[in-house]
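Positions are given from 1, in the same order as the sequence printed here. Quantities reported herein were computed from a predicted structural model and do not represent experimental measurements. Both backbone and side-chain heavy atoms feed into the values below; hydrogens, waters and symmetry mates do not.
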Amino acid sequence: MATMTISYDGHNRTARTVVELIRSLGDVFHITAEQPKESDREWTAAEEREAFLCTSRMNMARWMAKNEI
């Protein structure tokens with residue numbers, strides 16, 4: 001089995017027609033609604049703070065290694 005993701009302009013009539021054709025072939029294609037990707041959701045304040053601290057630590061470690069401190 002293979003997986004294919006299709007992105008299209010919902011305002012384009014031809015694109016909508018092609019998507020409807022694919023959906024009509026339900027015995028050939030299995031269609032599932034795509035779940036929002038983890039990166040698409042908003043970060044909580046705690047997650048954003050943790051990401052900032054992690055980046056800061058990594059940058060400081062690189063700087064210290066480069067300057068041999």
Side-chain angles (χ1 to χ4, degrees):
M1 180 159 96
T3 302
M4 177 176 32
T5 301
I6 300 174
S7 298
Y8 64 96
D9 179 5
H11 298 289
N12 184 306
R13 185 177 187 185
T14 304
R16 288 193 323 260
T17 302
V18 170
V19 169
E20 288 305 316
L21 172 67
I22 293 171
R23 287 178 195 240
S24 71
L25 301 171
D27 55 333
V28 177
F29 296 102
H30 176 70
I31 310 245
T32 58
E34 184 175 314
Q35 298 296 322
K37 295 178 182 172
E38 182 71 21
S39 61
D40 290 346
R41 69 172 179 78
E42 292 289 323
W43 286 16
T44 64
E47 289 172 327
E48 194 167 339
R49 181 178 182 276
E50 184 63 30
F52 173 78
L53 291 174
C54 181
T55 303
S56 297
R57 288 184 200 118
M58 292 300 295
N59 289 339
M60 181 56 79
R62 286 187 192 114
W63 182 83
M64 291 174 70
K66 180 180 173 184
N67 293 308
E68 298 179 11
I69 293 180

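For the atom pair CD of Glu48 and CD of Glu42, the computed distance is 9.0 Å after rounding to the nearest 0.5 Å. Atoms CD and OG1, on Glu50 and Thr55 in that order, are 9.5 Å from each other to the nearest 0.5 Å.
Lys66 places none of its side-chain heavy atoms less than 4.5 Å from the side chain of Arg62.
Cluster annotation: Phe29 and Ile6 are assigned to the same hydrophobic cluster (Ile/Leu/Val/Met/Phe/Trp/Tyr, side-chain heavy-atom contacts under 4.5 Å, transitive). By the criterion of side-chain heavy atoms lying less than 4.5 angstrom apart, applied directly or through intervening Ile, Leu, Val, Met, Phe, Trp or Tyr residues, Val19 is grouped together with Met4 in one hydrophobic cluster. Met58 and Met60 fall into different hydrophobic clusters, where Ile, Leu, Val, Met, Phe, Trp and Tyr residues are linked whenever their side-chain heavy atoms come under 4.5 Å apart, directly or through other members. Val18 and Leu25 fall within the same hydrophobic cluster, defined by Ile, Leu, Val, Met, Phe, Trp and Tyr side-chain heavy atoms under 4.5 Å apart, directly or through other members.
Other members of the cluster containing Phe52 are Leu53, with ILVMFWY side chains joined at under 4.5 Å, either directly or via other members.
The minimum heavy-atom distance between Arg16 and His11, with the atom names listed, is NH1-O, 3.2 Å. Of all heavy-atom pairs between Arg23 and Tyr8, the closest is NH2-OH, 4.3 Å.
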